[in-house]
Amino acid sequence: MGFKSIAVDGPSGAGKSTMAKRLAAKLGYLYVDTGAIYRTLGLFALKRGVDPADAGGVEGLLPQVSIRMDYGEDGLQHMYLGQEDVTEAIRTPAVSRAASQVSAHPAVRAYLLEMQRGMARNHNVIMDGRDIGTVVLPDADVKIFLTATAEDRARRRFEELQERGTDTDYDTVLREVIERDERDSGRAAAPLRRAEDALLVDTTGNSLEESFEALLQTIREKLA
Ligand code: DC
């Protein structure tokens with residue numbers, strides 16, 4: 001029997017992971033966070049002292065890196081770099097930046113593509129990223145493009161970082177959000193863009209709670 005897949009794309013901080021996690025729990029699907037894979041590679045580059053923006057340098061790391069993803073008893077996705085569980089370590093602003101930089105290199109995208117497609121071949125998945133509906137799973141059963149203004153997304157990310165005790169200020173977060181948007185959308189390799197057949201959901205000004213029920217309803221109709 002074929003497995004079902006739901007693609008959730010959009011810029012950083014739009015609420016993709018929160019939304020996708022909840023939808024996955026409701027539908028009994030596996031939630032796959034593809035950004036975490038790029039983050040793990042970004043962390044590896046930083047650890048090795050390789051500039052994440054250096055295409056040749058990062059490509060040279062690919063044969064050496066061991067990235068694995070696993071689902072713990074909690075049902076949550078854990079990332080491993082070699083033997084080390086880096087699930088928490090990949091959530092810093094420095095790694096966000098490095099992930100966005102390594103993800104611009106075509107060799108990196110090609111290298112990580114199969115890992116993502118493999119997950120969808122073996123499970124019902126709800127996968128979040130930037131190019132899931134356009135490149136990774138162009139035949140996904142449902143495609144969603146989740147977005148919000150940069151200011152709204154920066155506010156959410158700022159609150160998240162504060163909760164985690166990270167010392168930062170709103171203006172810095174906003175600047176980083178805009179910078180990451182430009183890089184993720186402006187790159188030549190699989191840029192962030194909405195697939196033509198993706199449902200556009202703008203969460204600006206809404207709580208994710210408000211968008212959630214409507215989205216769940218639409219997905220159920222599409223999957224039926
Ligand atoms: O979703 P995230 O913020 O954890 O992703 C980190 C970076 O990885 C993001 O800036 C762009 C990149 N990324 C990507 O290029 N393609 C994906 N499918 C997922 C993430």
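When a ligand or atom number is given, it counts from 1 through the structure's own listing order.
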### Query
Would Y31 end up clustered with M69 when hydrophobic side chains under 4.5 Å apart are linked, directly or stepwise?
no
#### Entry: Element-labelled atoms of ligand 1 that are located less than 4.0 Å from some non-hydrogen atom of A99
6 (C), 7 (C)
### Query
Salt-bridged, E151 to R155, with N to O below 4.0 Å?
no
## Note on the structure
When distances are taken from atom 4 (O) of ligand 1, the protein heavy atom at minimum range is R39 NE, 2.6 Å
### Summary
heavy-atom search around atom 20 (C) of ligand 1 in the protein gives G35 CA, 3.5 Å
### Message
Out of all atoms in ligand 1, which are within 4.0 Å of some heavy atom of R109? Include the element for each.
### Response
14 (C), 15 (O), 16 (N), 17 (C)
### Task
For ligand 1, find out whether one of its N or O atoms is nearer than 3.5 Å to an N or O atom of D131.
yes
### Task
Around atom 17 (C) of ligand 1, find the nearest protein heavy atom and jot down its residue, atom name and distance.
R130 N, 3.4 Å
### Sub-4.0 Å atoms of ligand 1 with respect to non-hydrogen atoms of G129
17 (C), 18 (N), 19 (C)
### Query
Based purely on interatomic distance, does D184 place a nitrogen or oxygen under 3.5 Å from a nitrogen or oxygen of ligand 1?
yes
### Task
Could you state whether I6 and V32 fall into the same hydrophobic cluster, counting links through intermediate Ile, Leu, Val, Met, Phe, Trp or Tyr residues with side-chain heavy atoms under 4.5 angstrom apart?
no
### Query
Has R187 got any heavy atom lying under 4.0 angstrom from an atom of ligand 1?
yes
### Message
I'd like to know if the side chain of T166 pairs up with that of R91 as donor and acceptor (distance under 3.5 Å, no hydrogens or angles considered).
### Response
no
### Query
N/O to N/O below 3.5 Å, does that happen between S103 and ligand 1?
yes
#### Entry: Check ion pair E160-R156 (N to O, under 4.0 angstrom)
no
### Query
Do E114 and R121 sit within salt-bridge range, that is, some charged N less than 4.0 Å from a carboxylate O?
yes
### Set of residues satisfying side-chain hydrogen bond (donor to acceptor under 3.5 Å, both in side chains) with respect to E209, sequence neighbours excluded
R22
## Note on the structure
Ranked by distance from atom 6 (C) of ligand 1, the top protein heavy atom is R180 NH1, 3.6 Å
### Query
What's the shortest distance from atom 8 (O) of ligand 1 to any protein heavy atom, and which residue and atom give it?
Y38 CB, 3.6 Å
### Query
Side chains of Q217 and E213: do they bring a donor and an acceptor to under 3.5 Å?
no
### Task
Quick one: list whatever passes side-chain hydrogen bond (donor to acceptor under 3.5 Å, both in side chains) with Y71, sequence neighbours left out.
Q77
### Task
Could you tell me whether some N/O pair between T34 and ligand 1 is separated by less than 3.5 angstrom?
yes
